[in-house]
Amino acid sequence: MNQLLREQILTIVARVPKGRVTSYGRIAKMTDGASARMVGAALRSLPDGHGLPWQRVVDASGRIADHPGADRQRRLLRDEGVLLDSRGRVSVDYFWP
DNA sequence: TAAGTGACGCGTG
DNA sequence: GCACGCGCCACTT
């Protein structure tokens with residue numbers, strides 16, 4: 001993984017306000033050439049205790065991406081006030097920016 | 001070296 | 001809304 005892009009990705013994730021979410025694709029567009037998949041790859045490789053609000057990253061339609069930590073992600077979002085609908089989706093109103 | 005594999009996005013039907 | 005195909009690109013086999 002390109003080190004510069006990885007740094008940009010993590011920096012952007014760190015800026016997402018509590019109680020808001022953003023998407024892989026939006027983060028990718030804010031970087032200098034990363035793709036949505038690369039954003040996912042960067043988050044996947046994060047070690048435990050990194051402190052980044054990785055749970056605030058969802059897919060373009062507000063769904064929690066299918067990954068090993070999805071359950072934990074849903075709980076963390078709920079705990080910080082992000083409500084999920086009956087189908088486990090975040091309303092577009094929560095999207096940041 | 002080639003082929004498979006994703007924490008995705010988007011256009012089509 | 002759902003299923004498919006394709007682009008994306010670093011990493012693994």
Side-chain angles (χ1 to χ4, degrees):
Chain A
M1 166 81 61
N2 183 292
Q3 195 56 47
L4 172 62
L5 290 181
R6 188 182 142 80
E7 186 178 319
Q8 292 181 333
I9 291 168
L10 300 183
T11 297
I12 293 167
V13 171
R15 285 204 329 215
V16 180
K18 179 179 181 182
R20 308 295 295 283
V21 301
T22 191
S23 73
Y24 298 92
R26 290 174 91 144
I27 292 172
K29 286 180 185 173
M30 290 186 239
T31 65
D32 187 33
S35 64
R37 283 192 179 283
M38 291 175 70
V39 175
L43 296 185
R44 185 181 52 192
S45 64
L46 287 175
D48 293 341
H50 48 69
L52 283 173
W54 59 273
Q55 73 275 21
R56 296 175 194 155
V57 184
V58 297
D59 74 17
S61 59
R63 271 190 296 267
I64 303 296
D66 180 24
H67 69 97
D71 271 348
R72 192 153 71 96
Q73 181 173 12
R74 274 185 276 275
R75 196 197 74 232
L76 289 168
L77 287 176
R78 182 173 53 78
D79 288 350
E80 62 180 50
V82 176
L83 303 180
L84 306 180
D85 65 18
S86 56
R87 285 167 294 191
R89 277 196 344 176
V90 176
S91 163
V92 293
D93 296 332
Y94 286 108
F95 271 71
W96 173 85

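For the numbers below, each heavy atom of this structure counts, side chains included, while hydrogens, waters and symmetry mates do not.
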Nearest to side-chain heavy atoms of [X], which nucleotide of [options]:
X	options	answer
A/Ala36	B/dG9, B/dG6, C/dC9	B/dG9
A/Arg89	C/dG1, B/dA7, B/dG9	C/dG1
A/Gln73	B/dA7, B/dG9, B/dC10	B/dA7
A/Tyr24	C/dA10, B/dC10, B/dG9	B/dG9

Name the nucleic acid region contacted by [X], choosing base, sugar-phosphate or nothing; use a 4.0 angstrom heavy-atom cut-off, strictly under.
X	answer
A/Ala60	sugar-phosphate
A/Arg87	sugar-phosphate
A/Ser23	sugar-phosphate

Q: Mind checking the CD1-CG spacing from A/Ile9 to A/Leu4? Nearest 0.5 Å is all I need.
A: 9.5 Å
Q) Should the heavy atoms of other residues, nucleotides or ligands under 6.0 Å from CG of A/Asp66 be counted, would the total exceed 12? A) no
Interatomic distance where [atom1] belongs to [X] and [atom2] belongs to [N] [whole Å]:
X	N	atom1	atom2	result
A/Asp66	C/dC2	CG	C1'	16 Å
A/Leu5	C/dA10	CG	P	8 Å
A/Ile27	B/dG9	CD1	P	9 Å
A/Met38	B/dT5	CE	C1'	15 Å

Q: Could you pull out the closest heavy-atom pair between A/Tyr24 and A/Ala65, with the gap in Å?
A: OH-CB, 3.5 Å
Q. Within the structure, does a side-chain N or O atom of A/Lys29 lie under 4.0 Å from either OP1 or OP2 of C/dC8?
A.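 False: A/Lys29 side-chain N/O out of range (4.0 Å or more) of C/dC8 OP1/OP2.
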